[in-house]
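For reference, the structure discussed in these notes is given below.
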Amino acid sequence: EIVPYIPSFIRAKEKMSGADRGSAYHKVMELLDFKAIIRTEKTPEGIKAQLNRQMDDFVSQGLLEQTWREGISMAKLYSFFESSLAGRMMQAADAGKLWREQPFVLGLAAGRLGEEFPEGEQVLIQGIIDVFFEEDGKIVVADYKTDAVSDPKELIARYQIQLDYYEEALARLTDKKVMQKIIYSFALGQEIVLY
């Protein structure tokens, strides 16, 4: 199949894809300095200025592409920092108990995936956990989503199994109980607690 070359001046006009937008949000959430946000003046203007300053720094340092920077809704990012999840993450960051973009490999009995797989075989599942933190000696895991949905139940239906695997991987990695799984929807501007 021949893929036509699209000049950069035309590509620049194209709308950012959903996958790129999701990658942009994940990259920013990985890079943000939560401790600097804690030290910021606790006004909407102060926090918004800190977020903008950090984003501009990421671009100037080559950590974030300018197109990704432009694809981030600052209103949605600021809305995240008004959530209880963000407050909990900032407390964990201050205590040195916040981890982001944690890769994992999880070995499972193949039979767990379906009856058609041999029970004696092992299957490896790998992924990257967006964020987890320790709170009261237990683990809270969260996953960021940018899917355009109108109902939180859609995200639960799509991602419950993914978060269950995260829970299992973290229980093995940390030897601590996962007390809560959370999806944060940037589209809805809300956190969805699975338990």
Side-chain angles (χ1 to χ4, degrees), residues 8 11-104 127-136 139-149 152 155 159 162-163 166 170 173-174 178 180-193:
S8 61
R11 280 196 313 261
K13 292 180 183 177
E14 292 179 355
K15 187 177 177 185
M16 183 181 239
S17 74
D20 282 344
R21 182 166 281 105
S23 296
Y25 275 91
H26 279 82
K27 187 65 176 176
V28 166
M29 294 304 293
E30 174 189 0
L31 293 172
L32 282 173
D33 181 350
F34 279 64
K35 289 183 180 181
I37 296 167
I38 292 169
R39 294 187 301 270
T40 299
E41 179 187 343
K42 298 297 184 275
T43 63
E45 296 76 25
I47 293 173
K48 287 176 184 175
Q50 176 64 235
L51 292 173
N52 274 304
R53 193 168 29 256
Q54 286 194 43
M55 299 266 288
D56 291 341
D57 288 348
F58 300 153
V59 171
S60 68
Q61 295 167 15
L63 300 172
L64 183 69
E65 294 178 30
Q66 181 63 38
T67 54
W68 282 17
R69 163 73 165 100
E70 293 165 3
I72 299 283
S73 162
M74 292 308 292
K76 289 181 180 185
L77 190 59
Y78 176 71
S79 182
F80 169 79
F81 279 94
E82 291 184 313
S83 73
S84 64
L85 175 60
R88 294 166 73 187
M89 287 171 63
M90 286 189 282
Q91 286 179 341
D94 201 35
K97 296 184 178 198
L98 175 73
W99 296 273
R100 295 179 275 179
E101 298 300 313
Q102 174 68 50
F104 73 92
I128 298 176
I129 298 168
D130 291 347
V131 64
F132 71 97
F133 54 94
E134 187 177 328
E135 193 175 79
D136 300 326
I139 300 296
V140 176
V141 61
D143 199 45
Y144 312 121
K145 297 299 177 192
T146 57
D147 305 41
V149 295
L155 293 174
Y159 298 110
Q162 176 185 346
L163 282 152
Y166 289 177
L170 284 170
L173 280 169
T174 65
V178 173
Q180 199 170 53
K181 297 179 283 192
I182 300 170
I183 294 172
Y184 184 83
S185 168
F186 281 98
L188 298 173
Q190 75 179 83
E191 54 191 275
I192 302 150
V193 179

Non-hydrogen atoms of I192 and S185 that approach each other most closely: CD1-CB, 4.3 Å
Could you tell me the separation between the NZ atom of K145 and the CG atom of L155, rounded to the nearest 0.5 Å? 8.0 Å
Taking the six-membered ring for Trp, are F80 and Y184 closer than 6.0 Å centroid to centroid? yes
Quick check: closest heavy atoms across L188 and V149, and the distance to 0.1 Å? CD2-O, 3.3 Å
Rounded to the nearest 0.5 angstrom, the OG-CD1 distance for S84 and I182 is 6.5 Å
Closest heavy-atom contact between S73 and Y25? N-OH, 2.9 Å
Give the C-alpha distance, both sets of side-chain angles, the deciding distance and a yes or no for side chain to side chain contact (heavy atoms under 4.5 Å, CB included) between M29 and L77. CA-CA 9 Å; M29 294 304 293; L77 190 59; 3.8 Å; yes
Given the rule in the side chain to side chain contact (heavy atoms under 4.5 Å, CB included) test, do I72 and M55 qualify, once you have shown the distances and angles that lead to the verdict? CA-CA 10 Å; I72 299 283; M55 299 266 288; 3.7 Å; yes
Distance in Å, Q180 CD paired with L85 CG, rounded so as to fall on 0.5 Å steps: 8.5 Å
Between R69 and D56 (salt bridge meaning N to carboxylate O under 4.0 Å), is one present in this structure? yes
Euclidean distance, K27 NZ relative to L64 CG, rounded to 0.5 Å: 8.0 Å
I'd like to know if the side chain of R100 and the backbone of L32 have a donor-acceptor N/O pair within less than 3.5 Å. yes
Quick one: CG on D147 to CD1 on I183, what's the gap to the nearest 0.5 Å? 9.0 Å
What I want to find out is whether K48 reaches E45 closely enough, with some N-O distance under 4.0 Å, to be called a salt bridge. no
Okay, side chain of T40, backbone of A36: is any donor-acceptor separation there less than 3.5 Å? yes
Is the NZ or CZ atom of K181 both under 6.0 Å from the centre of the six-membered ring of Y166 and within 45° of that ring's axis? no
Distance-only, no hydrogens or angles: does the Q54 side chain make a donor-acceptor pair with backbone N or O of D33 under 3.5 Å? yes
What's the shortest heavy-atom distance between F104 and I128, and which atoms? CE2-N, 3.9 Å
List the atom of S79, the atom of G189, and the distance in Å for their closest heavy-atom pair. OG-O, 4.2 Å
Just verifying a value: how many Å separate E30 CD and D130 CG, rounded to the nearest 0.5 Å? 9.5 Å
Within 45° of the six-membered ring axis of F186 and under 6.0 Å from that ring's centre, is NZ or CZ of K76 located there? no
Between E65 and D20, does the side chain to side chain contact (heavy atoms under 4.5 Å, CB included) criterion hold? Intermediate values first, please. CA-CA 11 Å; E65 294 178 30; D20 282 344; over 6 Å; no
Determine yes or no for a side-chain-to-main-chain donor-acceptor pair under 3.5 angstrom, with S23 supplying the side chain and A19 the backbone. yes
Working for side chain to side chain contact (heavy atoms under 4.5 Å, CB included), residues E134 and I139: CA-CA 5 Å; E134 187 177 328; I139 300 296; 4.3 Å; yes
M90 and F81, any side-chain heavy atoms less than 4.5 Å apart: yes
Would you please classify the geometry between the Y144 ring and the H26 ring as parallel, tilted or perpendicular, with 30° and 60° separating the classes? perpendicular
